[in-house]
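Scroll down for the structure; my scribbles are underneath it.
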Amino acid sequence: MANRNFNSNNGRESRKNYRENLPKPRWHRVVKLLLMAIFLLLLSGVGLFAYYAKDAPNISRASLESGGSTAFYTPNGKFLLSLGSEKRIYAKDSPDMQLLKDAIVSVEDKRFYKDKLGIDPIRIVGSMLSNAKSQSISAGGSTITQQLVKLSVFSTDASQRTLRRKAQEAWLAMRVQREYTHDEILEFYINKVYMNYGNYGIGTAANYYYGKKIGELDLSQTALLAGMPNRPTIYNPYVYPKYAKYRRDIVLQAMLDNKKITKAQYNQARKESIKKGLKPHQQKNQSNIRKIDDPYIKEAVQEVKNKGFDPYRDNLKITLNINQKAQRKLYELANNGQVPFTSDTMQVGATVVDPSNGHVVAIIGGRHIPSTVQLGLDRAVQTSRSTGSSIKPVLDYGPAIEYLNWSTAKVLDDSKYYYPGTNIQLNDWDNKYEGQMTMRHALEQSRNVPAVKTLKEVGIRRASRFARQMDINVPKTAGLSVGIGADASSLQMAGAYGAFATMGIYHKPQFVSKIETPDGLVRNYDSEGIRVMSKATAYMITDMLKGVIKHGSGTNAQIRGLYHAGKTGSVKYSDQELARYPGYGATPKDSWFVGYTQSYSMGVWTGYDNLKDGTISGIGQQSAQLLYKNMMSYLMSNKENVDWQKPDSVIRARIIKNSNPPVVSSTGEWQLFVRGHAPAGIVDDSSDYDSSEEQTGSNSTQSNYNEQNRTITRKKRPTESQSDENKNDAGHDRDQTNNGNNSPENKPNNHDNDSSHSNSNENSDNHEGNNNPANDGEHDH
């Protein structure tokens with residue numbers, strides 16, 4: 001018997017050993033490896049979370065309670081103004097707020113009061129899955145606590161939607177949840193959110209929209225305000241009532257689903273008009289400084305948005321490039337009668353830029369703007385008005401020097417001309433033709449036919465590429481008439497002319513130099529600029545544009561003794577417009593002046609918003625030049641007045657008028673040539689050249705300028721040892737395509753996009769045509 005037991009036990013042991021020695025199923029090993037991987041992943045996740053969280057910014061009750069308004073500062077760090085125009089009404093937690101709290105919790109975070117962590121793992125997993133599908137970090141899994149942290153400490157910049165930021169946000173949310181009650185957190189949130197029109201907090205919004213306290217709102221009104229923080233601009237009941245109703249109904253549905261209201265309450269609230277109880281919308285008068293700075297603030301806000309921030313939610317500290325004294329002066333000149341205009345309805349758009357860095361110093365978007373208007377139309381940046389002849393240096397003559405190596409003595413033909421392939425005749429402003437003339441004379445006197453013929457020689461494709469480097473966007477398929485009028489803004493023109501002022505270096509105009517977020521993130525936006533043309537091109541254009549002011553079309557912009565250059569421009573009415581308003585025939589539709597010194601570049605547009613408002617007549621035809629003259633005189637009163645120095649890549653010589661080929665003569669006119677492309681026998685002759693005499697006309701005018709306590713200095717610079725003949729400076733990015741002197745593209749090409757233009761209106765310096773069909777008819781901007 002014992003023997004049988006022994007055999008039985010031995011058999012069981014053998015079977016056990018046999019089973020243990022059998023190969024394990026593959027799924028068993030897969031599960032084991034998967035569990036190990038999950039464990040390691042969790043472990044590394046915890047470690048990464050701890051690593052990111054340790055650098056989380058501090059958060060305090062003060063930052064949680066504070067309003068969320070963005071503040072603007074001047075370049076020297078002085079506070080300028082805040083976006084929060086309404087005094088915040090802080091709503092303390094009370095039984096009167098219960099309905100609002102139910103609405104917010106229902107639509108934003110229905111598990112809020114059950115949450116003990118400050119984060120919602122279920123929502124986080126859901127957002128992770130959504131982000132994994134979209135391969136981004138855009139879907140939110142945020143609790144109300146996390147949203148409060150984001151509004152208090154972080155920015156909405158898309159570049160900050162990173163794992164680091166999410167980890168720090170979650171860590172701070174857990175801290176806030178430990179240190180404050182749910183009701184306190186909800187109170188902070190209710191008083192933090194942005195609600196349009198400079199309102200922060202729902203208590204402020206209740207008074208702004210309804211003239212009531214939060215507890216006095218009915219269910220429909222409460223739901224509307226509870227839903228607005230999601231997208232305050234879109235859910236604005238004054239501007240977008242349909243969208244506001246849509247969002248309100250979503251909140252009501254969420255409250256019903258969350259059992260915070262009954263079906264009967266839900267139905268009654270949904271039937272209520274979205275307009276019920278709304279106060280008439282009348283914006284309050286702005287402060288004086290806000291009224292003066294409004295166009296600048298508008299463009300700064302848009303620039304900040306373009307950089308990925310939300311200035312209405314991010315509680316930013318923004319440093320502007322504004323010169324507040326210059327901004328005020330520009331406003332006063334346009335509004336106080338010192339610069340005459342045809343009428344009070346005649347408008348202006350003007351921009352002043354520092355060409356050395358692109359900083360927008362001052363800007364004005366219109367005259368006599370009502371004090372209730374905030375962030376209104378900024379005419380300084382609208383691009384729907386033709387520039388007239390002020391585009392010629394950028395699109396015609398600049399490219400001709402850059403790509404074809406033309407001299408200022410290049411002889412051009414001002415004779416009867418028809419746009420190729422059409423019977424449309426191109427006229428000058430005086431309906432006359434002057435025959436043979438130099439490029440210098442053609443630009444100074446703003447002759448149209450030579451400009452269009454020059455563009456044809458350059459080719460629109462190359463001319464468009466040249467202008468596009470300076471953010472003047474001219475389609476490559478445009479007709480030749482674009483050479484005497486393109487669509488651009490005073491901001492763009494001031495920026496482009498700034499490249500002439502800096503000897504070919506372009507700095508994109510900027511309103512904002514620095515953005516700081518509450519978590520310590522600092523972004524600086526200054527740039528070194530890029531070379532967009534040779535020093536020779538910039539200098540030769542500047543030299544010719546000095547003549548525009550001295551004895552050309554821009555004599556009303558003269559400032560005695562000052563080294564400056566500029567160009568006029570005006571636009572004729574179309575035949576269709578003149579059919580409606582025949583009395584406008586002898587007046588321009590738009591009038592421009594763009595000018596610069598080495599310190600400032602300024603673009604000025606004047607005109608009317610709508611045809612019915614009037615036309616530019618009488619002294620108003622000089623308003624653009626006079627505004628420039630007064631503003632530039634003010635700007636340069638305390639600036640060093642420095643002339644441009646001829647680079648080694650340019651040859652200066654006296655040439656017999658209209659000689660072709662150029663003939664040197666001691667009594668000839670001063671002309672400029674690109675070194676290496678001057679005819680044989682022409683050498684650099686600067687022995688008796690007096691730049692100040694050429695610019696001012698006489699020594700007496702220079703003395704007059706000195707009597708005004710303004711200095712004239714001819715600063716000498718180190719001689720440039722290297723010619724920029726190849727249009728290429730080291731250290732600056734630029735399009736170097738086809739810059740070689742032997743390139744086929746450097747030869748005149750009469751077939752380069754020689755498309756004709758179907759518009760018969762002609763542009764000139766006094767009466768220039770508008771070649772943009774979009775400009776025909778009234779402009780309700």
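What you see is a predicted model, and the numbers here were worked out from it, not measured in a lab.
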Look only at the side chain of [X] and the backbone of [Y], and say whether a donor-acceptor pair between them is shorter than 3.5 Å.
X      : Y      : value
Ser386 : Asp487 : no
Glu187 : Lys92  : no
Asn321 : Gln510 : yes
Thr517 : Leu521 : yes
Asp293 : Tyr296 : no
Asn336 : Glu332 : yes
Arg367 : Gln347 : no
Asn196 : Pro232 : yes
Glu272 : Ser220 : no
Tyr210 : Lys213 : no

Indicate yes or no: at least one non-hydrogen side-chain atom of [X] is less than 4.5 angstrom from one of [Y].
X      : Y      : answer
Thr181 : Glu184 : yes
Val105 : Leu186 : yes
Met493 : Trp605 : no
Phe72  : Ile322 : no
Met195 : Ile202 : yes
Gln147 : Val193 : no
Ile318 : Val304 : yes
Lys101 : Asp93  : yes

*Test: Lys307 cationic atom under 6.0 Å from Tyr525 six-membered ring centre, within 45° of axis*: yes

*Do the numbers put Lys317 on top of the ring of Tyr73, so that NZ or CZ is under 6.0 Å from the six-membered ring centre and no more than 45° off the axis?*
yes

_Distance-only side-chain donor-acceptor flag, Ser490 / Thr351, under 3.5 Å_ = yes

Test: [X] and [Y] ion pair at under 4.0 Å:
X      : Y      : result
Lys508 : Asp471 : yes
Lys514 : Glu516 : yes
Asp378 : Lys298 : no
Lys110 : Asp257 : no

Nearest-0.5 Å distance that lies between atom [atom1] in [X] and atom [atom2] in [Y]:
X      : Y      : atom1 : atom2 : answer
Phe309 : Arg523 : CZ    : CZ    : 4.5 Å
Met97  : Leu217 : CE    : CG    : 11.0 Å
Glu108 : Thr143 : CD    : OG1   : 10.5 Å
Leu219 : Leu100 : CG    : CG    : 11.0 Å
Leu224 : Gln221 : CG    : CD    : 8.5 Å
Thr387 : Ile472 : OG1   : CD1   : 8.0 Å

Which atom pair, heavy atoms only, marks the closest approach of [X] to [Y]?
X      : Y      : answer
Leu225 : Ala206 : CD1-CA, 3.8 Å
Ile144 : Asp109 : N-OD2, 3.2 Å
Arg379 : Gly366 : NH1-CA, 3.6 Å
Val251 : Gly227 : CG2-CA, 3.8 Å
Tyr573 : Ile616 : OH-N, 4.5 Å
Ala244 : Pro237 : CB-CA, 3.8 Å

*Tell me, with the steps shown, if Tyr180 and Phe188 meet ring pair (Phe, Tyr, Trp, His ring centres under 6.0 Å).*
CA-CA 10 Å; Tyr180 303 96; Phe188 297 149; 5.5 Å; yes

Residue [X] excluded, over 12 heavy atoms near [atom1] under 6.0 Å:
X      : atom1 : answer
Tyr246 : OH    : no
Arg468 : CZ    : yes
Gln302 : CD    : yes
Lys275 : NZ    : yes

*Could you check Glu299 against Val360 for side chain to side chain contact (heavy atoms under 4.5 Å, CB included), going step by step and ending with a plain yes or no?*
CA-CA 10 Å; Glu299 300 313 318; Val360 178; over 6 Å; no

*asked:* Please report whether the ring centroid of Tyr584 lies less than 6.0 Å from that of Tyr581.
replied: yes

_In this structure, is the centre-to-centre distance between the rings of Tyr200 and Tyr312 below 6.0 Å?_
no

_If you apply the rule side chain to side chain contact (heavy atoms under 4.5 Å, CB included), what do you find for Leu83 with Val301, and how did you get there?_
CA-CA 9 Å; Leu83 282 183; Val301 166; 4.2 Å; yes

*asked:* Which residue in the set Val149, Thr145, Ile190 passes side-chain contact (heavy atoms from CB on, under 4.5 Å) when paired with Ile185?
replied: Thr145

*Check step by step if side-chain hydrogen bond (donor to acceptor under 3.5 Å, both in side chains) holds for Arg247 and Tyr243.*
CA-CA 6 Å; Arg247 179 62 177 170; Tyr243 295 142; over 6 Å; no

_Criterion side-chain hydrogen bond (donor to acceptor under 3.5 Å, both in side chains) on Asp526 and His359, from CA distance to verdict_ = CA-CA 8 Å; Asp526 283 340; His359 290 182; 2.7 Å; yes

*Run the salt bridge (charged side-chain N to carboxylate O under 4.0 Å, His left out) check on Arg385 and Asp590 step by step: do they pass?*
CA-CA 8 Å; Arg385 309 300 287 249; Asp590 302 274; 3.0 Å; yes

_side-chain hydrogen bond (donor to acceptor under 3.5 Å, both in side chains) partner of His281, the single match among Tyr209, Tyr208, Tyr238_ = Tyr208

*Should Ile297 and Leu320 be marked as a side chain to side chain contact (heavy atoms under 4.5 Å, CB included) after you check the CA-CA gap, both sets of side-chain angles, and the distance that decides it?*
CA-CA 9 Å; Ile297 297 302; Leu320 302 175; 4.0 Å; yes

*Apply the test side chain to side chain contact (heavy atoms under 4.5 Å, CB included) to residues Met255 and Tyr266: give CA-CA distance (whole Å), side-chain angles for both, the deciding distance (0.1 Å), then the verdict.*
CA-CA 8 Å; Met255 295 178 74; Tyr266 168 79; over 6 Å; no

